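First the structure, in the form of structure tokens, and then the observations on it.
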Amino acid sequence: MTNHEIARVLVNIADILEIQEENLFKIRAYRKAADSVYHLDEDIRNLYQKDRIGDIPGVGKAVKAKIEEMLEKSSCEYYEGLLSQVPAGVLEMLTIPGIGHKTVKIIYEQLGITSIAELVQAVNDKKIRTLPGMGEKSEYNIQKGIELLKENTGKFNLGLALPLAEEFLEYLMTSPDIECGSIVGSIRRGKPLVSDIDILVASHNFARVIEYTRAYKYIKKVTDVKEDSISGELGDSVKFEVIMVAPRDYYYKLIWTTGSKPFRSKFFTNIPEQELSGLASESELFSRQGLKYIPPELREDRGELETAKEGNLPQLISQSDIKGDLHVHSEWSDGAEKIQDMAAAAQKLGYQYIAITDHSKSLTISGGLNEERLSAQSRVINALNENAKDFCILRGIEVDILKDGTLDFTDDILERLDVVIASIHSNFKLDKELQTERVLKVIKNKNVNIIGHLTGRLLNRRKGYELDLDKVLEAAAKNNVVLEINAHPDRLDIDEHVARKTRDYGIKIAINSDAHHKEDLNLMIYGILNARRGWLTPDDVINTWDKDKLLEFLQKKKD
DNA sequence: GCCGTTTTCGGCCCGACTGTTTTCAGTCG
């Protein structure tokens with residue numbers, strides 16, 4: 001079993017225990033262990049071989065035994081036992097916004113419902129409102145929650161799909177029958193939600209490639225085999241298709257299978273078939289059409305063909321441009337690591353700086369810092385910086401935006417910091433006008449550098465809160481406030497459309513990982529892809545700048 | 001169920017909002 005699969009089982013155990021109203025701390029222990037396993041920076045099987053499962057934070061004797069059992073037998077007796085009491089379909093209901101463990105318990109026990117499909121029927125039959133503590137409003141909210149889930153059925157977050165696709169491609173490339181290959185489709189375009197993994201490979205022997213593909217260890221089932229393709233499902237029900245093509249047709253097909261449908265139909269009109277074969281690169285075909293190379297992320301028919309014709313495509317930002325990460329948590333609030341460990345991990349990535357931006361006091365659940373702990377943290381950071389070579393830890397905060405648009409800390413506290421990110425973590429349901437006013441008030445605060453995850457959306461889970469974005473962008477531009485592209489693949493907030501608008505407004509962007517674990521620093525790539533889809537260049541993004549230029553920019557805000 | 005810079009036992013993450021209620025329970029961050 002993989003790290004993610006084991007983490008999933010541990011979370012499910014916690015969920016079942018919670019439905020069964022077990023000891024809260026025991027439940028929390030399982031969740032903490034699951035979180036640690038999920039964020040491990042190496043394959044858990046390696047740890048197992050070195051007999052180091054017990055070294056994982058939050059994994060003690062009991063959980064260690066269960067993990068080892070899963071690694072040995074691909075199953076866990078304790079978990080199977082729990083599932084016989086609370087079926088997996090019941091756990092699925094927990095994904096519906098507004099439904100928690102208590103509600104699931106009542107729905108399961110009193111109505112015998114064990115799947116979302118049955119729940120839909122119960123909502124239609126107006127049965128939910130008959131349950132204790134539930135009414136018409138709750139029933140309506142459940143219905144809305146299910147509808148939101150359904151909007152995205154079958155779509156996977158890029159954070160799940162991209163690593164799976166990369167690993168799959170890596171495997172395929174070890175086949176002696178495959179000359180070259182690439183991830184294609186919406187993953188190559190960096191879309192935040194994708195419906196499947198598409199991989200294109202060039203080969204002279206399709207039959208052998210099909211056999212080689214079938215042998216991939218993570219394939220759960222093969223659903224369709226054609227002469228030049230094989231499709232099926234990997235773990236987590238992620239669908240895949242491997243498309244085979246003769247080597248002479250590879251680059252033409254690479255463009256064909258990468259672009260969106262509108263892009264493809266526009267680009268391939270009027271290209272004679274004989275020009276498509278025997279290309280040496282994608283650029284060759286673009287160039288023959290009188291176009292500059294169009295990066296995959298832009299191939300959506302949103303003006304890129306016209307702009308490429310004029311030779312005016314922006315030089316898009318890439319990962320190597322990033323010089324630091326301006327939104328990083330530590331164990332001082334809800335992060336898992338020490339400041340020095342996050343810094344070391346960032347330095348390993350080649351960064352020049354990170355900003356430690358822990359939560360502020362209102363976010364009690366996250367162990368938000370009060371004034372005293374914030375200054376204690378600053379002293380720790382100063383000390384670390386004294387001994388640092390070619391690296392700088394910036395003193396920051398992710399300060400909570402309160403309901404009325406005031407901040408969790410007074411100006412004299414904020415102005416002493418290097419970076420101030422202001423974020424909303426409460427009152428998501430304010431109406432559009434009030435929510436907009438709330439954000440505008442923050443933007444006008446001279447100590448605020450960055451607005452974190454602007455709309456609060458969670459892909460596949462929660463829509464962003466209501467905001468008048470044009471007013472927000474206007475104010476951000478006027479007040480020199482930076483907007484964050486939160487690189488967490490669940491957020492990618494601001495989205496690509498808003499990102500593209502910021503260029504016209506002259507607003508600067510920070511692409512931040514919002515890391516809570518060392519491993520999360522690597523989430524930066526999703527932010528980069530999102531920024532590329534928003535046509536952003538390195539100069540649009542402040543964390544591509546050198547430390548001095550960055551600090552001068554942040555300081556200027558306060559003057 | 002995990003953990004220990006006074007601890008191997010007794011702590012461990014709280015508070016606002018919502019919807020159901022007439023004083024509170026459940027969800028969420």
Side-chain angles (χ1 to χ4, degrees), chain A residues 9-11 13-37 53-67 76 78-79 82 93-107 128-145 148 329 331-336 338 358-370 373 398-404 408 423-431 434-435 438 452-453 456-458 461-465 486 488 490-491 493 514 516:
Chain A
V9 170
L10 295 175
V11 168
I13 290 175
D15 281 339
I16 295 176
L17 294 178
E18 198 165 354
I19 290 169
Q20 296 179 329
E21 295 180 327
E22 252 282 1
N23 179 303
L24 278 172
F25 298 108
K26 182 171 167 181
I27 294 163
R28 193 180 300 160
Y30 274 101
R31 291 200 197 288
K32 176 155 194 321
D35 194 48
S36 293
V37 170
I53 297 294
D55 292 352
I56 301 169
V59 173
K61 212 171 151 191
V63 176
K64 174 173 183 268
K66 293 181 181 77
I67 291 176
C76 169
Y78 175 65
Y79 176 50
L82 289 176
M93 287 191 265
L94 289 170
T95 57
I96 300 165
I99 293 197
H101 299 85
K102 293 281 169 67
T103 309
V104 158
K105 182 182 164 76
I106 292 176
I107 290 173
I128 300 300
R129 64 182 70 181
T130 65
L131 296 170
M134 308 288 279
E136 271 185 55
K137 195 80 196 256
S138 313
E139 192 173 80
Y140 175 78
N141 285 340
I142 288 175
Q143 189 186 359
K144 286 284 149 202
L148 181 72
H329 295 272
E331 63 176 9
W332 284 71
S333 65
D334 60 350
K338 295 187 185 326
D358 276 308
H359 291 288
S360 61
K361 60 190 176 193
S362 289
L363 215 59
T364 43
I365 183 73
S366 300
L369 305 181
N370 59 20
R373 291 185 66 227
E398 182 179 12
V399 62
D400 234 56
I401 300 175
L402 305 177
K403 186 173 183 180
D404 62 356
D408 212 5
S423 304
I424 285 178
H425 293 108
S426 61
N427 299 94
F428 299 134
K429 289 182 177 169
L430 284 187
D431 70 47
L434 284 174
Q435 198 70 280
R438 183 184 182 194
H453 45 72
R457 77 166 177 177
L458 291 176
R461 271 191 287 161
R462 182 173 81 201
K463 285 193 158 75
Y465 27 80
N486 190 294
H488 196 291
D490 285 340
R491 292 191 182 271
D493 183 14
D514 198 353
H516 288 71

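The structure presented is a predicted model; accordingly, all values stated were derived computationally and were not measured. Throughout, a chain's letter reflects where its sequence line sits, starting with A, and its residues are numbered from 1. All values below come from the heavy atoms of this structure, side chains included, with hydrogens, waters and symmetry mates left out.
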Review point. Within the structure, does a side-chain N or O atom of A/S362 lie under 4.0 Å from either OP1 or OP2 of B/dG15?
Key: no
**Study point:** P gap between B/dT21 and B/dC14, integer Å
**Key:** 29 Å
Review point. B/dG10 and B/dG19: how far apart are their C1' atoms, nearest whole angstrom?
Key: 37 Å
Practice item. With P as the reference atom in both, quote the distance from B/dC3 to B/dC13 in angstrom, rounded to an integer. Key: 13 Å
Review point. When you measure from the side chain of A/T364, which nucleotide among B/dG1, B/dC14, B/dT27 comes out closest?
Key: B/dC14
Review point. With rounding to whole Å, what would you report as the distance between B/dG29 and B/dT22 at their C1' atoms?
Key: 28 Å
Point to revise | Of A/P132 and A/L430, the one whose closest DNA chain B nucleotide lies more 5' | key: A/L430
Check your understanding: How would you list, by chain and number, every residue that makes a salt bridge (Lys or Arg N to Asp or Glu O under 4.0 Å) with A/K137, sequence neighbours excluded?
Key -> none
Check your understanding: Counting only heavy atoms not in A/K361, do more than 12 sit closer than 6.0 Å to its NZ atom?
Key -> yes
Review point. Taking the same atom, C1', in B/dG15 and in B/dT5, what whole-Å distance lies between them?
Key: 31 Å
Review point. Hey, does A/I99 reach any base, or is it just sugar-phosphate, or nothing, if we go heavy atoms under 4.0 Å?
Key: sugar-phosphate
Revision key, fill the gap. Between A/L148 and A/K463, the two heavy atoms sitting closest are CD1-NZ, 3.6 Å
Revision key, fill the gap. Note: A/D358 and A/L369 closest approach over all heavy atoms is CB-CD1, 4.0 Å
Exercise for review: Can you tell me, in whole Å, how much space there is between the C1' of B/dC17 and that of B/dC12?
Suggested key: 25 Å
Practice item. Taking the six-membered ring for Trp and the single ring otherwise, decide whether the centroids of A/H488 and A/H516 are under 6.0 Å apart. Key: no
Check your understanding: Can you tell me how far C1' in B/dG11 sits from the matching atom in B/dT20, rounded to whole Å?
Key -> 34 Å
Check your understanding: Which residues satisfy the salt bridge (Lys or Arg N to Asp or Glu O under 4.0 Å) test with A/R31, sequence neighbours excluded?
Key -> A/D15, A/E18
Point to revise | Whole-Å P distance, B/dC28 and B/dT23 | key: 26 Å
Review point. So, is A/S426 close to the B/dG15 phosphate, meaning a side-chain N or O under 4.0 Å from OP1 or OP2?
Key: no
Review point. So what does A/E136 touch, heavy atoms closer than 4.0 Å: a base, only the sugar-phosphate, or nothing?
Key: sugar-phosphate
Review point. Could you state the interatomic distance from OG1 (A/T103) to CE (A/M93), rounded to the nearest 0.5 Å?
Key: 10.5 Å
Study note, to complete from the structure: The Watson-Crick or G-U wobble partner of B/dT8, with both key distances under 3.5 Å, is none
Taking N or O atoms only and anything under 3.5 Å, show me the protein contacts with nucleotides 2-4 of chain B, one pair per line.
residue, atom, partner, partner atom, Å
B/dC2, OP1, A/G60, N, 2.6
B/dC2, OP1, A/G60, O, 3.2
B/dC2, OP1, A/V63, N, 3.1
B/dC2, OP2, A/A62, N, 3.4
B/dC3, OP1, A/G58, N, 2.9

Practice item. Check whether any side-chain N or O of A/N427 sits under 4.0 Å from OP1 or OP2 of B/dC17, and answer yes or no. Key: yes
